Structures are given as C-alpha cells and as structure tokens.
Amino acid sequence: MSIQYEVEPLADSYGVADSFPKDFGYGEEEADIEDSPTPSDSKPRILLMGLRRSGKSSIQKVVFHKMSPNETLFLESTNKIYKDDISSSSFVNFQIWDFPGQVDFFDPTFDYEMIFRGTGALIFVIDAQDDYVEALGRLHLTVSRAYRVNPEINFEVFIHKVDGLSDDHKIETQRDIHQRANDDLADASLEKLHLSFYLTSIYDHSIFEAFSKVVQKLIPQLPTLENLLNIFISNSGIEKAFLFDVVSKIYIATDSSPVDMQSYELCCDMIDVVIDVSCIYGLKEDGSGSAYDKESMAIIKLNNTTVLYLKEVTKFLALVCILREESFERKGLIDYNFHCFRKAVHEVFEVGVSTPWTGSQAAGTPCTKAVTLNGTPRSTV
C-alpha cells in the first residue's frame with residue numbers, strides 16, 4: 001500500500017510516543033518460569049532487573065506490547081520471573097526475562113549461574129525519582145555476580161522515570177549515579193566491567209532510543225549494516241537513514257552520522273501514521289491481509305522542505321529516510337539504490353541465519369560475509 005501526505009511539522013509534540021493497534025505486536029507473554037529456566041541455544045537473552053516499582057514491566061509492555069504509558073499505572077507488581085519470547089521480528093529475535101525486584105541472589109534455589117551464562121545484556125532499571133542508594137547497592141551486587149559468571153554480558157543502566165525531572169536535575173542525577181556505581185566497581189577491583197547509562201521515560205521516545213542501543217550491541221552484523229547505509233545515503237543525497245524494526249520502533253542500524261533525537265522521533269511518528277492508516281484502509285473488507293507488507297511505502301512532505309520516505313525492506317523491517325525536496329526529485333535514482341540496498345540486506349540476513357548468535361559474541365563482531373549494494377561479495381567490513 002502506498003501513502004503520500006503533505007503535513008506541517010509538529011513543533012511542540014515530539015515528546016509524545018504513540019502506540020500501534022494492540023493486535024499489531026509481538027504476541028502474548030509466555031508463562032512464568034519459577035523453576036530453573038532452560039537457556040536458549042540461539043537467541044540472545046536480555047534480563048530486566050531492578051528494585052520493586054522501578055518500572056521494569058512498564059518498559060517491556062510499552063516497547064514490545066504497545067501498551068499506552070498511562071495504562072501501565074494499573075500494572076501489578078511482578079512477583080515471579082516472566083519470560084517474553086520476542087519472536088515476531090526476523091532480526092530482533094531475542095528473549096526478555098522480567099525479574100521481580102525481590103530476587104535474592106543468596107537464595108540457594110536461585111540458580112543465577114545458569115541464567116547469567118546465557119545472557120547477552122543485563123538491563124538494571126533505577127527509579128530516578130526515588131532514593132537510589134539501595135538501588136545502587138543492588139546494582140553492584142547484580143553486575144558483580146553476573147560478570148564473574150559471564151564477562152561477555154553487556155551491562156546497561158536505565159535511569160528511569162526522568163520525565164518528572166528538570167533538565168539540570170536529570171544531568172546531575174546521571175552524573176551522581178555514574179560516579180557512585182563506578183566507584184563501587186573500582187573498590188571491588190572490577191574496573192574492566194563497563195556500565196552504559198541511559199536517561200529513559202516511557203512517556204517519550206527515550207526508552208525506544210535506549211533499547212535500540214542495547215539491541216544493536218547484540219547484532220553481530222551491525223558494522224555491515226552501517227556500511228550499507230553509509231553507501232546508500234552517500235549515493236542518494238539522503239541526510240539520515242534508519243533501519244527500523246517496525247513493531248517495536250527499535251532501530252537496529254543507522255548511518256555513521258550522529259543521531260538527532262528529533263529526527264528519530266519524526267521517523268517513529270511516521271511509522272505510527274503508516275501502520276494506523278494501513279490498519280484502517282489497507283486491509284480487505286473481511287479484515288484479512290496485513291497492515292505492513294512488501295508493497296508498503298509512504299512519503300510525507302513537511303512544510304520546511306524536508307521529506308520523510310519509508311520503504312519496506314523485509315517483512316518486519318523498514319528503511320526510513322530523511323532528505324530535502326531537491327534531493328527527492330531524483331526519486332528514480334533513490335529507488336534503484338534502495339533496490340540494491342534491500343537485496344544486500346537480505347543477503348546479510350541469510351548469513352545471519354546460518355551463523356546463529358552465541359552469548360560469547362561481543363558487540364561489533366562482523367558477520368562472515370559482506371556485500372556491496374549490488375550484491376557482489378567482498379571482504380568483511
């Protein structure tokens with residue numbers, strides 16, 4: 001389905017994160033797993049940990065199940081470990097385990113070695129609006145235990161619920177948490193353990209941006225995808241391009257130019273518009289069909305000479321580009337370059353399927369095969 005709009009940019013509404021129709025998601029959560037879980041052999045595992053009421057379940061529901069942020073106020077506190085198998089995407093294919101805040105690592109029935117051994121990333125959520133002294137103590141205990149079991153884990157800290165803080169307070173809170181957490185690691189002689197910090201809120205796009213960074217570290221083909229995007233935009237007159245997982249609005253790759261938060265939010269809003277309109281007008285009379293398929297394409301022209309261009313790449317991925325109107329006059333060249341880019345991405349994915357992810361793969365590991373835009377094999381990026 002092709003859609004074309006001409007709209008004015010929403011200067012004061014970038015901070016609001018929309019949601020898809022609720023049936024356009026990853027499916028239901030699997031049953032809780034109280035016994036020792038069986039680690040997945042091929043899928044990266046992301047652990048969500050933190051104190052009670054820090055916002056772990058809300059993050060999962062908003063990002064992967066399209067729950068409205070306001071509805072998360074009615075979520076009950078998690079009291080069991082929940083495993084969520086994110087299997088609707090052809091590329092962002094991992095499991096999320098949501099841990100209750102009262103997990104006791106010293107409990108002999110808690111087999112933390114088995115859990116940490118198969119983990120790709122550990123996200124620790126800290127409530128920025130609460131006293132975080134206890135949270136920092138639990139953070140240190142958690143990451144130190146996990147690091148000794150599996151030093152290849154990516155450790156991520158979400159300083160969450162920052163929507164209620166002023167800009168100065170956000171910066172000061174992040175600086176204080178960063179300093180204290182790293183001082184604790186230095187005191188424990190764990191200087192090699194690296195923590196990444198993100199300011200997040202479910203009421204804007206910051207949570208999607210942070211999750212994008214987390215997921216990218218688990219994609220061994222990331223350098224190849226970035227290189228393909230660089231080649232594509234340099235030969236097409238495009239200013240910025242994102243490769244999105246359509247369902248979650250996580251971008252799995254972008255070109256090497258810096259990411260402007262406003263541009264990212266514009267692209268997220270475009271995906272919302274395309275899916276919402278397609279769900280209304282793109283389905284058959286009996287309700288069958290898909291809101292997003294190989295014919296999906298959209299053009300939105302803003303009144304500041306900026307054009308947003310969306311094209312389907314795979315069943316679950318979309319390329320969203322930002323460019324100027326004068327560059328879009330060469331739409332034929334852009335479409336040809338996109339065809340070559342799409343073909344190359346499909347080849348990268350085929351290689352990804354034949355080389356499954358393992359927990360020991362570090363971020364930035366190149367894939368076993370790389371391609372140019374016309375699909376010709378060449379040396380790895």
Side-chain angles (χ1 to χ4, degrees), residues 13-30 46-78 81-89 92-101 121-130 156-165 170 197-216 242 244-252 261 264-276 279 291-292 316 318:
S13 61
Y14 290 129
V16 180
D18 249 335
S19 62
F20 287 123
K22 291 186 178 180
D23 58 350
F24 194 82
Y26 282 105
E28 298 298 324
E29 284 186 90
E30 295 185 7
I46 296 179
L47 308 184
L48 270 175
M49 309 186 91
L51 297 184
R52 293 174 61 90
R53 312 305 300 178
S54 59
K56 304 181 296 299
S57 298
S58 299
I59 291 173
Q60 180 186 1
K61 293 293 187 181
V62 168
V63 175
F64 298 106
H65 294 278
K66 304 303 114 191
M67 179 178 285
S68 168
N70 292 325
E71 293 180 26
T72 63
L73 297 173
F74 306 102
L75 287 176
E76 295 182 0
S77 181
T78 303
I81 301 175
Y82 282 92
K83 179 175 69 172
D84 196 4
D85 191 355
I86 308 301
S87 58
S88 292
S89 172
V92 183
N93 192 18
F94 50 80
Q95 297 176 325
I96 293 184
W97 290 12
D98 184 6
F99 283 75
L122 190 157
I123 299 174
F124 195 92
V125 183
I126 295 178
D127 185 350
Q129 298 185 25
D130 198 4
E156 322 285 351
V157 180
F158 285 6
I159 304 172
H160 197 48
K161 302 182 183 180
V162 297
D163 48 278
L165 307 181
K170 289 179 187 178
F197 297 85
Y198 308 87
L199 294 171
T200 61
S201 169
I202 59 173
Y203 291 96
D204 57 31
H205 291 83
S206 60
I207 189 62
F208 297 95
E209 166 82 2
F211 241 106
S212 297
K213 298 294 180 62
V214 171
V215 170
Q216 286 170 22
F242 295 92
F244 272 97
D245 174 49
V246 175
V247 177
S248 66
K249 291 183 290 188
I250 287 175
Y251 69 94
I252 67 169
M261 192 62 179
Y264 171 67
E265 292 170 356
L266 267 177
C267 294
C268 287
D269 291 341
M270 183 183 192
I271 292 175
D272 285 333
V273 170
V274 171
I275 299 301
D276 287 344
C279 285
Y292 182 77
F316 300 102

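Count residues from 1 along the sequence. Reckoned from all heavy atoms, side chains included, excluding hydrogens, waters and symmetry mates. In this text, all values refer to a predicted model and were calculated from it rather than measured experimentally.
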Looking at [X] and [Y], what are the two nearest heavy atoms and their distance?
X: Thr200; Y: Phe158; result: OG1-CB, 3.8 Å
X: Ala121; Y: Val214; result: CB-CG1, 4.0 Å
X: Lys161; Y: Arg53; result: NZ-O, 2.7 Å
X: Phe197; Y: Ile159; result: CD2-CD1, 4.2 Å
X: Phe99; Y: Trp97; result: CD1-O, 3.5 Å
X: Ile250; Y: Phe208; result: CG1-O, 4.5 Å

So do the side chains of [X] and [Y] get within less than 4.5 Å of each other, counting heavy atoms only?
X: Met49; Y: Leu122; result: yes
X: Lys56; Y: Leu47; result: no
X: Tyr264; Y: Ser212; result: yes
X: Tyr198; Y: His160; result: no
X: Phe211; Y: Ser248; result: no
X: His65; Y: Asp84; result: yes
X: Val247; Y: Tyr292; result: no
X: Ile202; Y: Ile59; result: yes

So how far is it from [X] [atom1] to [Y] [atom2], rounded to the nearest 0.5 Å?
X: Leu51; Y: Asp127; atom1: CG; atom2: CG; value: 9.0 Å
X: Tyr251; Y: Ile271; atom1: OH; atom2: CD1; value: 12.5 Å
X: Phe244; Y: Met270; atom1: CZ; atom2: CE; value: 10.5 Å
X: Ser206; Y: Glu265; atom1: OG; atom2: CD; value: 8.5 Å
X: Gln129; Y: Asp163; atom1: CD; atom2: CG; value: 6.0 Å
X: Lys61; Y: Ser68; atom1: NZ; atom2: OG; value: 13.5 Å

Checklist entry - Can any side-chain N or O of Ser201 pair as donor or acceptor with the backbone N or O of Val162 at less than 3.5 Å? => result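 Not confirmed, Ser201 side chain does not pair with Val162 backbone.
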Next on the checklist: Has Lys249 got a side-chain atom pairing as donor or acceptor with Val246's backbone, closer than 3.5 angstrom?
Outcome noted: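 Not confirmed, Lys249 side chain does not pair with Val246 backbone.
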Checklist entry - Between Glu156 and Ile46, does a side chain to side chain contact (heavy atoms under 4.5 Å, CB included) hold up when you go through it step by step? => result CA-CA 10 Å; Glu156 322 285 351; Ile46 296 179; over 6 Å; no
